[in-house]
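Please read the structure below before turning to the comments.
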2 protein chains.
Amino acid sequence: MTQYGRVEKVRLLVVDDDPPIADLVATVARYEGWDAVTANTGEEALRLAGEFHPDIVVLDLMLPGVDGFGVLDRLRRSGTMVPVVFLTARDGVADRVAGLTRGGDDYLVKPFAVEELMARLRTVLRRSAGPNFQRSVLRVGDLSMDEDTHEVRHGEKLLTLTPTEYEVLRFLLRKSPTVMTKAQILDHVWEYGFGGRSNVVELVVSRLRRKLDDAGDTGAPLIQTVRGFGYVIRQAGG
Amino acid sequence: MTQYGRVEKVRLLVVDDDPPIADLVATVARYEGWDAVTANTGEEALRLAGEFHPDIVVLDLMLPGVDGFGVLDRLRRSGTMVPVVFLTARDGVADRVAGLTRGGDDYLVKPFAVEELMARLRTVLRRSAGPNFQRSVLRVGDLSMDEDTHEVRHGEKLLTLTPTEYEVLRFLLRKSPTVMTKAQILDHVWEYGFGGRSNVVELVVSRLRRKLDDAGDTGAPLIQTVRGFGYVIRQAGG
DNA sequence: CGGTGGCTGTCGAGAACCTGTCGGACTGCT
DNA sequence: AGCAGTCCGACAGGTTCTCGACAGCCACCG
C-alpha cells in the first residue's frame, strides 16, 4: 500500500541535541517503514539536509550553536521547501513559534506523545503533496475516524471523544487488527516520560467502550480485551 | 474540482527581496494547489515572467536595483497584461500605488495576513478572467458569505461583521469541515509577526457566535469547539 | 485639533470539562 | 476457592473555554 500517494519510503531528518529523543523519533519512524536519520547539532543538520534530501524534518528549536531558527533560515535560504515540524519547550520560545504553521509547517510542545508527532508528520506530508490530497479516514467495521474533521462515527452515530480517548482510539485503529499491549499504548499515546504506571489505559478504554457501545451496539464490544496481552479493535467475528 | 473556472493550476510569480516572505507566499499558494515561483530581484522577476508566464504576480515595491515600479513598467511594455498585486510598507509609497490599481490590480500593506492576500489574489484572478466571472459564495448549512459583496447571511438575516470577524469566519468556511487549531487560525488570519499569545481567537469566535446565534439559531452553535484541538464550522447534525 | 464611536486585544473570573488516582467489584483461569 | 488481571464508579485537581469589562487605538467628523 502506498502512503500519501508516494511509492518510495518517506525520508525523515530528525534534529535534536538530546540523542535519546532523536533516536526515539527515528526508531518509531523506521518502524512505520520510513527512512530516518538523526542530527544532534545545527551544522550536522544542514549537512545532512544537503546529502540526505529529506521529505520532512523534525527540528528542535533549542539547539546549541546554530539554533533551530537559524537552521530553518539556512534551509530556506538554500532553496529547500521541505516541510518542518518544530519541537519546543512549553514555556520556552512558544511566542516566537507563532507564525510557523502558516507555511504549512507545524509544531509540537515537548514533551510530546510519539503518536501525535507521527500523526502531524503524516498530515503535513499529505498536505504538502498538493491540493488533491485525500482525506485520511480510518475504518474498521462500522467504526470510522476522519483525521481531518475529527469526526468519529459508529454506524450513523456521531461520537464525542475527549483528546485522550481520540488518541487511544486512533492508535488502536491504526494498528488494527494487531493486539497492542497496555505498555505499548502508554508509550505511544502518552507523552514520553509519563510517570503514571497506573491503570490509565484500562480506564480510557473503559470510557471509550461506554461511548462506543452506547451508540447502539449489541454484540461483542468493538475494543476487545486479550487477557494477559492487551487490546485490539477487530471486526466483529474476526 | 476546477478553480475560478480554469482547469490548469494557477501560475503565480512572487517577487520580494526578502526570501522568507517570498517563500511564505509561495508555500501558501502551493497549498492551494497553485504553481508558484519566487524571484528576489527585479531582473530575476523579469526573466521569470518571460519563462514562466504567470497568471498573476505578487510584487513588492521595495526592491533593490530595478524597483517595483520599474518591473511593472517593463512588464507592461513587453505587452503582458498579467494582473499584479502589490506589496508595500505601511508608510511607504501608498499614494503612488493608488494610481496603479486601476487595471483590476490590487495592493496590500505589509505586514499582511496570509489569508487576506490569498483572498485578494483569488478576486483579482476572477475579475481578470473576463466579464463572465462568477461570484464566489461560500456556504455551509444556512450560512452564506459572498466574497464579492461581503454580505454574510445566516438564513435570511443579514449579519454585520467587523473585519476580523469576517476574516476568521471566511477562513473557517473555506476550510470547513476540517478542524482548524487556534494556532492555524492565528497564523493565517492575523498579520505575520503578530505577537499576541493570548486568547484573541477564542474571543473573536465568541463574538462571532453571538452574532450568528442571535440571528435566530437555536440548536447547536454553528462554530463548534473541538476541545483540545480547535474550531470547525460544520453542518448541524453532520 | 479635540471629540466620538467603533474595533481589537488584555485581563480575569467563572464554568465546563478532562484526567489520573483510589479502591472495590468482577472475571476467567487454574 | 484463590489469584492475577480487568473493569469502572467516584472524586479532586487541573486545564481549557467562554465571555464580561475595560483601555488603547484609529478613523472619521465637526
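Note on naming: letters A, B, ... go to the chains in the order of the sequence lines (proteins, then strands), and numbering restarts at 1 for each one.
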Starting from [atom2] on [N], measure out to [atom1] on [X] and report it in whole angstrom.
{"X": "F194(B)", "N": "dC25(D)", "atom1": "CZ", "atom2": "C1'", "answer": "14 Å"}
{"X": "W190(A)", "N": "dC18(C)", "atom1": "CH2", "atom2": "P", "answer": "15 Å"}
{"X": "K211(A)", "N": "dT19(C)", "atom1": "NZ", "atom2": "C1'", "answer": "12 Å"}
{"X": "L186(A)", "N": "dT19(C)", "atom1": "CG", "atom2": "C1'", "answer": "13 Å"}
{"X": "E191(B)", "N": "dG9(C)", "atom1": "CD", "atom2": "C1'", "answer": "13 Å"}
{"X": "E167(B)", "N": "dG9(C)", "atom1": "CD", "atom2": "P", "answer": "12 Å"}

(Q) Taking salt bridge (charged side-chain N to carboxylate O under 4.0 Å, His left out) as the cut-off, I'd like each qualifying pair that reaches into residues 108-119 of chain A, sequence neighbours left out, listed once. (A)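 Only D16(A)-K110(A), D60(A)-K110(A), E115(A)-R122(A), E116(A)-R120(A) qualify under salt bridge (charged side-chain N to carboxylate O under 4.0 Å, His left out).
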Q | Selection residues 163-172 of chain A - residue pairs positive for salt bridge (charged side-chain N to carboxylate O under 4.0 Å, His left out), sequence neighbours left out | A |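 Every pair satisfying salt bridge (charged side-chain N to carboxylate O under 4.0 Å, His left out) with a residue in residues 163-172 of chain A: E147(A)-R170(A), E165(A)-K211(A), E167(A)-R170(A).
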Q | Listed partners of R77(A) passing salt bridge (Lys or Arg N to Asp or Glu O under 4.0 Å), at least two apart | A |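 By the salt bridge (Lys or Arg N to Asp or Glu O under 4.0 Å) rule, R77(A) matches D73(A).
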Q.
Among residues at least two apart in sequence or on other chains, which ones pass salt bridge (Lys or Arg N to Asp or Glu O under 4.0 Å) with R135(A)?
A.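 Applying salt bridge (Lys or Arg N to Asp or Glu O under 4.0 Å) to R135(A) gives D146(A).
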Q | Residue list, side-chain hydrogen bond (donor to acceptor under 3.5 Å, both in side chains) with D17(B), at least two apart or on another chain | A |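 By the side-chain hydrogen bond (donor to acceptor under 3.5 Å, both in side chains) rule, D17(B) matches no residue at all.
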**Q.** Under 4.0 angstrom between T164(B) side-chain N/O and dT8(C) OP1 or OP2
**A.**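 Indeed, a polar side-chain atom of T164(B) lies that close.
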Which atom pairs link the protein and nucleotides 6-8 of chain D when you take only N or O atoms and keep those under 3.5 Å?
unit_1 : atom_1 : unit_2  : atom_2 : d
dT6(D) : OP1    : G228(A) : N      : 2.9
dT6(D) : OP2    : K182(A) : NZ     : 2.6
dC7(D) : OP1    : R209(A) : NH2    : 2.4
dC7(D) : OP1    : T225(A) : OG1    : 2.4
dC7(D) : OP2    : Y231(A) : OH     : 2.5
dC8(D) : OP2    : S206(A) : OG     : 3.4
dC8(D) : N4     : N199(A) : ND2    : 2.8

Q: Measure the CE-CG distance between M145(A) and D148(A) for me, rounded to the nearest 0.5 Å.
A: 12.0 Å
(Q) On DNA chain C, compare the nucleotides closest to P163(B) and P163(A); which residue's is nearer the 5' end? (A)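 Per heavy-atom nearest nucleotide, the more 5' residue is P163(B).
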